[in-house]
Engineer: 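Sending over a structure as structure tokens; questions will come in a sec.
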Amino acid sequence: MASKTSICIVGSGNWGSAIAKIVGKNAANLPNFEDRVTMYVYEEMIDGKKLTEIINTTHENVKYLPGHKLPPNVVAVPDIVEAAANADILIFVVPHQFIRNFCGSLLGKIKPTAVAISLIKGFDKAEGGGIDLISHIITRHLKIPCSVLMGANIANEVAEGNFCETTIGCKEIKYAPIFRDAFQDDNFRVVVVDDVDAVEVCGALKNIVATGAGFIDGLGLGDNTKAAVIRLGLMEMIRFVEIFYPGSKLSTFFESCGVADLITTCYGGRNRKCAAAFVTSGKTIAELEKEMLNGQKLQGPPAAEEVNYMLKNKKMEEKFPLFTAIHRICIGELKPKDMIDCIRNHPEHMSESLAKL
């Protein structure tokens, strides 16, 4: 690391802009960081003006985080290579579907000593019928270590300065203090663990469960039923990690990235909201995403598709009936009301559950 650490935020959506408020303030106030924080912004025209120019003159992302001022040392840059060129820390916070393209643009154009941290909650499909973790893609393509940050962190609440916790998964302990310094403030408290894969998997899988919780809300079935979905979803999350990422720790599920994020997302957030509207409106997921999210992307339905891609190839769909049913509802193979049969007949409720006694 350089004597003063330079930071680039790759992404400027709702969550990226919210985290820029904290990171920008910390960079300005702490002596171990360069004051200037670059933020890669996909250029758009807003009322005849470039979004980057609006951000750099008004210090507000009027499209994705209106009503919140960004620190003046956060500088919007429309060219990703220019934004990242001098960075010691690259904070990735973009829709997961685009990560390979971004890595392709940055390969050979960043400091070889740079490190990355992913705030991206999602998977990508891998060859051979599996899934790829975003942090693994970044490490593999850019040849740099990549940590992850996941937690019960609804972007607008973080931007408001409401108290919350988050979890950083970091394998190399030497990077933990600088990540903590970059992200932590009085109302955004950081816990660092070394169980990186489990932290990241929690961040992706909870969006699938939140989609199921939204279906329950849309059906008007109440909090008792939604609590069952949350519990069964947590069980499937733990089982998924045990099978596909062995060696992870059960304690990780009790950090902010686990049960806290799961509960928060099942009661708030875009995946729950759009899934409820999917039931009540009769519109497709794609239509609702376009109508309700102002250019943002849902994470639950694509994560459900990517997980199902792997489960189907490995003939393991029956081990994850909730994940499977949510995916099939999203693509129209099942009706939302079929969620009830799924949770009623879930293996956790069948006679083999007596084996736990």
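Quick note: numbers below take in every heavy atom, side chains included, and nothing from hydrogens, waters or symmetry partners.
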Engineer: Please find the pair of heavy atoms, one from I80 and one from S105, that lie closest to each other, and give the distance.
Structural biologist: CG2-CB, 4.0 Å
Engineer: For residues 243-254, please give each side-chain donor-acceptor pair under 3.5 Å, one per line with the distance, not counting sequence neighbours.
Structural biologist:
{"unit_1": "S248", "atom_1": "OG", "unit_2": "D195", "atom_2": "OD1", "d": "3.3"}
{"unit_1": "S248", "atom_1": "OG", "unit_2": "Y245", "atom_2": "O", "d": "3.0"}
{"unit_1": "K249", "atom_1": "NZ", "unit_2": "D194", "atom_2": "OD1", "d": "2.8"}
{"unit_1": "T252", "atom_1": "OG1", "unit_2": "D195", "atom_2": "OD2", "d": "2.6"}
{"unit_1": "T252", "atom_1": "OG1", "unit_2": "K249", "atom_2": "O", "d": "3.3"}

Engineer: Under a 4.0 Å threshold between the charged nitrogen and the carboxylate oxygen, would K121 count as salt-bridged to D261?
Structural biologist: yes
Engineer: Find the distance between SG (C8) and CG (D88) and round it off to the nearest 0.5 Å.
Structural biologist: 11.0 Å
Engineer: Side chains of S118 and E200 only: does a donor on one sit below 3.5 Å from an acceptor on the other?
Structural biologist: no
Engineer: Strictly distance-based, threshold 3.5 Å: is any side-chain N or O of T167 a donor or acceptor partner for the main-chain N or O of S256?
Structural biologist: yes
Engineer: Would you sort out whether F92 and L142 count as a side chain to side chain contact (heavy atoms under 4.5 Å, CB included), showing the intermediate values?
Structural biologist: CA-CA 12 Å; F92 284 92; L142 294 181; 3.8 Å; yes
Engineer: Any chance you could measure S135, atom OG, to M150, atom CE, to the nearest 0.5 Å?
Structural biologist: 8.0 Å
Engineer: Please name the pair of heavy atoms, one in C164 and one in V158, separated by the smallest distance, quoted to 0.1 Å.
Structural biologist: SG-CG2, 3.9 Å
Engineer: Would V94 and Y42 count as a side chain to side chain contact (heavy atoms under 4.5 Å, CB included) here? Give the steps.
Structural biologist: CA-CA 10 Å; V94 293; Y42 176 75; over 6 Å; no
Engineer: Could you tell me whether a side-chain N or O of E236 sits under 3.5 Å from a main-chain N or O of G233, the two making a donor and an acceptor?
Structural biologist: no
Engineer: Just wondering, do H68 and E160 contact through their side chains at under 4.5 Å, heavy atoms?
Structural biologist: yes
Engineer: Counting distance only, does the side-chain N/O of E289 pair as donor-acceptor with the main-chain N or O of L298 below 3.5 Å?
Structural biologist: yes
Engineer: Would you indicate whether D124, at its atom CG, is surrounded by more than 12 heavy atoms from other residues, nucleotides or ligands within a distance under 6.0 Å?
Structural biologist: yes
Engineer: Any link between I343 and I329 through a network of hydrophobic side chains (Ile, Leu, Val, Met, Phe, Trp, Tyr) touching at under 4.5 Å?
Structural biologist: yes
Engineer: So, are R239 and E348 salt-bridged, with charged N and O less than 4.0 Å apart?
Structural biologist: yes
Engineer: Does any N or O in the side chain of H141 come within less than 3.5 Å of the main-chain N or O of C103, such that one atom is a donor and the other an acceptor?
Structural biologist: no
Engineer: So that I can tick it off, tell me whether K125 and D132 are bridged by a salt bridge, with the cut-off set at under 4.0 angstrom between side-chain N and carboxylate O.
Structural biologist: no
Engineer: Only one of D35, L30, V37 clears side chain to side chain contact (heavy atoms under 4.5 Å, CB included) with F33; which?
Structural biologist: L30
Engineer: Counting only N and O atoms by type, is there a donor-acceptor contact under 3.5 Å from the side chain of E255 to the main-chain atoms of V191?
Structural biologist: no
Engineer: If you look only at distance, which donor and acceptor atoms sit under 3.5 Å apart when one is on a side chain in residues 214-222 and the other is two or more places apart or in another chain?
Structural biologist:
{"unit_1": "D217", "atom_1": "OD1", "unit_2": "K226", "atom_2": "NZ", "d": "3.3"}
{"unit_1": "D217", "atom_1": "OD2", "unit_2": "K226", "atom_2": "NZ", "d": "2.9"}
{"unit_1": "D217", "atom_1": "OD2", "unit_2": "R272", "atom_2": "NH1", "d": "2.9"}

Engineer: Can you tell if the side chain of T211 reaches within under 4.5 Å of the side chain of F278, non-hydrogen atoms only?
Structural biologist: no
Engineer: Do H327 and F320 have side chains that approach each other closer than 4.5 Å (heavy atoms only, starting at C-beta)?
Structural biologist: no
Engineer: Minimum heavy-atom separation for A76 to I55, with atom names?
Structural biologist: CB-CG2, 3.8 Å
Engineer: Can you find a pair of side-chain heavy atoms, one from P145 and one from Y175, that are under 4.5 Å apart?
Structural biologist: yes
Engineer: For the residue pair C274 and L288, what are the closest heavy atoms and their distance?
Structural biologist: O-CD1, 3.6 Å
Engineer: Answer yes when R344 and D341 have at least one side-chain N-carboxylate O distance shorter than 4.0 Å, and no when they do not.
Structural biologist: yes
Engineer: Salt bridge or not for K283 and E291, using N-O below 4.0 Å?
Structural biologist: yes
Engineer: Could you state whether Y267 and M292 fall into the same hydrophobic cluster, counting links through intermediate Ile, Leu, Val, Met, Phe, Trp or Tyr residues with side-chain heavy atoms under 4.5 angstrom apart?
Structural biologist: yes
Engineer: Might you point out which heavy atoms bring I208 and G300 nearest each other, and give the distance in Å?
Structural biologist: CG1-O, 4.0 Å
Engineer: When clusters are formed by joining ILVMFWY residues with side-chain heavy atoms under 4.5 Å apart, either directly or through shared neighbours, do L106 and I134 land in the same one?
Structural biologist: yes
Engineer: Between the main-chain N or O of G24 and the side-chain N or O of N73, is there a donor-acceptor pair closer than 3.5 Å?
Structural biologist: yes
Engineer: Taking the six-membered ring for Trp, is the centroid-to-centroid distance between F163 and F188 below 6.0 Å?
Structural biologist: no
Engineer: Nearest 0.5 angstrom please: R270 CZ to N294 CG, how far?
Structural biologist: 10.5 Å
Engineer: With a 3.5 Å distance limit and no angle check, can you tell me whether Q299 reaches the backbone of N207 through a side-chain donor-acceptor pair?
Structural biologist: no
Engineer: Would you give the length of the straight line joining atom NZ of K206 to atom CD1 of I263, rounded to the nearest 0.5 angstrom?
Structural biologist: 12.5 Å
Engineer: By side-chain contact (heavy atoms from CB on, under 4.5 Å), which residues pair with E60, not counting sequence neighbours?
Structural biologist: T58, V62, P66, K69
Engineer: Side-chain contact, heavy-atom cut-off 4.5 Å: R189 with D186?
Structural biologist: yes
Engineer: Indicate yes or no for a side-chain donor-acceptor contact from K315 to the backbone of K312 under 3.5 Å, with no hydrogens or angles considered.
Structural biologist: no
Engineer: How close do A20 and L70 get, counting heavy atoms only, and between which atoms?
Structural biologist: CB-CD2, 4.4 Å
Engineer: Determine, using the 4.5 Å side-chain heavy-atom cutoff (strictly less than), whether F102 and I9 are members of one ILVMFWY cluster.
Structural biologist: no
Engineer: Between N153 (side chain only) and E165 (backbone N and O only), is there a donor and an acceptor less than 3.5 Å apart?
Structural biologist: yes
Engineer: Does C170 offer a backbone N or O that forms a donor-acceptor pair with the side chain of S147 under 3.5 Å?
Structural biologist: no
Engineer: Is there a path of hydrophobic side-chain contacts, each under 4.5 Å between heavy atoms, that joins M316 and V307?
Structural biologist: yes
Engineer: If I take atom CG from residue N162 and atom CG from residue N187, how far apart are they, to the nearest 0.5 angstrom?
Structural biologist: 7.5 Å
Engineer: So, taking the atom named OH in Y40 and the one named CG in D79, what distance separates them when rounded to the nearest 0.5 Å?
Structural biologist: 8.0 Å
Engineer: Does the pair N61 and L51 meet the rule for a side chain to side chain contact (heavy atoms under 4.5 Å, CB included), with working shown?
Structural biologist: CA-CA 8 Å; N61 188 336; L51 182 56; 3.9 Å; yes
Engineer: Do P301 and N271 come within less than 4.5 Å of each other through their side chains, counting heavy atoms only?
Structural biologist: yes
Engineer: Checking side chain to side chain contact (heavy atoms under 4.5 Å, CB included) between I91 and each of L149, V10, I117, which is the one that passes?
Structural biologist: I117
Engineer: Determine whether L90 and I144 make a side-chain contact, defined as any pair of heavy atoms from C-beta on separated by less than 4.5 Å.
Structural biologist: yes
Engineer: Starting from the C-alpha separation in whole Å, work towards a yes-or-no answer on side chain to side chain contact (heavy atoms under 4.5 Å, CB included) for T5 and N32.
Structural biologist: CA-CA 6 Å; T5 302; N32 50 325; 5.6 Å; no
Engineer: For the residue pair T324 and E317, confirm or rule out a side-chain donor-acceptor distance under 3.5 Å.
Structural biologist: no
Engineer: Are side-chain heavy atoms of N26 and F183 found at a separation under 4.5 Å?
Structural biologist: no
